[in-house]
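Everything quoted here is computed from the prediction, not taken from an experiment.
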Amino acid sequence: MTLIPRPSPLAHAIDRPAVRSKLNHLVESRRVVVVIAPAGFGKTSALNSWAGASSRLVAWLSLTTSDRYPEHLAQRISAALEELRLTPDEPGVEGTDERDRESVDEDISVLIIDDVHLAASAESRAILIQLLERAPRRLHIVLAGRHSPPFGLTRFLANGELDRLSLDDLAFSAEE
């Protein structure tokens, strides 16, 4: 179920069950998923297809050049979190113990941030970093863009909280 409108599916889109399955596994098992590929490689289409088939609450946020202004980006992120029924006072990563982590799996919500490379200002990048660091444990975030997000994700990778959908994953198979 997607609460914030995502792009309309293309009429000529090719069904990609292997990509949806891989995305489902990544989103279920990691708090942060990064999808990086050049324009035209199918990032948005793959995520859109996955979101349409997911039983999770999914909010979609396509960044624009206006999101270089931190107030604009902060308002849009707040609206996405409201749509996912997440509140700013919900416990984040630091406030979650092992018992909470076990119950979180059933309540995962997903925020897809497409075109993350458009977070061009230092202030906007700081807002995205704060979102990642303070997000409630039940919020899993997918970052998609043309190149690596313009901020460090090393800590999430080192903690086993981050994984990537690669160019190889997005490549068409002979069957497709």
- Apply side-chain contact (heavy atoms from CB on, under 4.5 Å) to Val33 and Leu162, showing your working. CA-CA 6 Å; Val33 176; Leu162 180 141; over 6 Å; no
- Task: Determine, step by step, whether Leu157 and Arg164 satisfy the side-chain contact (heavy atoms from CB on, under 4.5 Å) criterion, reporting the C-alpha distance in whole Å, the side-chain angles of both residues, the deciding distance to 0.1 Å, and the verdict.
- Result: CA-CA 10 Å; Leu157 184 60; Arg164 293 179 173 93; 4.1 Å; yes
- Go through the steps to decide whether Leu23 and Leu47 satisfy the test side-chain contact (heavy atoms from CB on, under 4.5 Å), and finish with yes or no. CA-CA 8 Å; Leu23 270 168; Leu47 289 168; 3.8 Å; yes
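You'll find the side chain of Leu81 reaches within 4.5 Å of the side chain of Leu139, heavy atoms only. Residues Arg68 and Leu118 fail the side-chain proximity criterion, which asks for heavy atoms closer than 4.5 Å. Between Val34 and Val142, every side-chain heavy-atom pair lies at or beyond the 4.5 Å cut-off. Within the 4.5 Å cutoff, side-chain heavy atoms of Leu128 are placed close to those of Ile77. Leu111 is not listed as a side-chain neighbour of Trp60, based on a closest heavy-atom distance of 4.5 Å or more. Contact annotation: the side chain of Phe151 approaches that of Leu143 to within less than 4.5 Å [non-hydrogen atoms, C-beta and beyond].
No side-chain donor-acceptor contact under 3.5 Å links His140 to the backbone of Val110. With hydrogens and angles ignored, the 3.5 Å screen pairs a side-chain donor or acceptor of Lys43 with a backbone N or O of Ala37. Judged by distance alone, the side chain of Arg31 and the main-chain N or O of Leu132 form a donor-acceptor pair under 3.5 Å. In this structure a side-chain-to-backbone donor-acceptor pair under 3.5 Å is missing from Arg16 to Ser49. A donor-acceptor pair is defined here as one N or O able to donate and one able to accept, closer than 3.5 Å; such a pair exists between the side chain of Arg125 and the backbone of Ala120. Judged by distance alone, with hydrogens and angles left aside, the side-chain atoms of His117 form a donor-acceptor pair with the main-chain N or O of Arg146 at under 3.5 Å. Judged by distance alone, with hydrogens and angles left aside, the side-chain atoms of Ser29 form a donor-acceptor pair with the main-chain N or O of His25 at under 3.5 Å.
Between Ile127 and Ala74, the closest heavy-atom pair is CD1-CB, 4.0 Å. The two residues Asp67 and Arg76 make their nearest non-hydrogen contact at OD2-NH1, 2.5 Å. When all heavy atoms are compared, the tightest approach of Leu73 to Ser124 is CD2-O, 3.6 Å. Heavy-atom minimum distance, Leu57 versus Arg85: CD1-NH1, 3.2 Å. Counting all heavy atoms, side chain and backbone alike, Leu131 lies closest to Ile113 at CD2-CD1, 3.9 Å. Of all heavy-atom pairs between Val19 and Ala46, the closest is CG1-CB, 3.6 Å.
A salt bridge links Glu28 with Arg56: the closest approach of a Lys/Arg side-chain nitrogen to an acidic carboxylate oxygen falls below 4.0 angstrom.
No hydrogens or angles considered: a donor-acceptor pair under 3.5 Å links the side chains of Thr44 and Asp114.
A continuous path of hydrophobic side-chain contacts links Val35 to Ile108 [ILVMFWY only; heavy atoms under 4.5 Å].
The side chain to side chain donor-acceptor pair (under 3.5 Å) test with Ser166 singles out one residue from Asp169, Asp168, Asp163, and that residue is Asp169.
In this structure, OG on Ser109 lies 11.0 Å from CD1 on Ile141, to the nearest 0.5 angstrom.
Applying the side chain to side chain contact (heavy atoms under 4.5 Å, CB included) rule to Tyr69 yields the partners Glu71, His72; only residues at least two apart in sequence or on another chain are considered.
For the pair Arg30 and Phe156, the NZ or CZ position fails the cation-pi test of under 6.0 Å to the six-membered ring centre and within 45 degrees of the ring normal.
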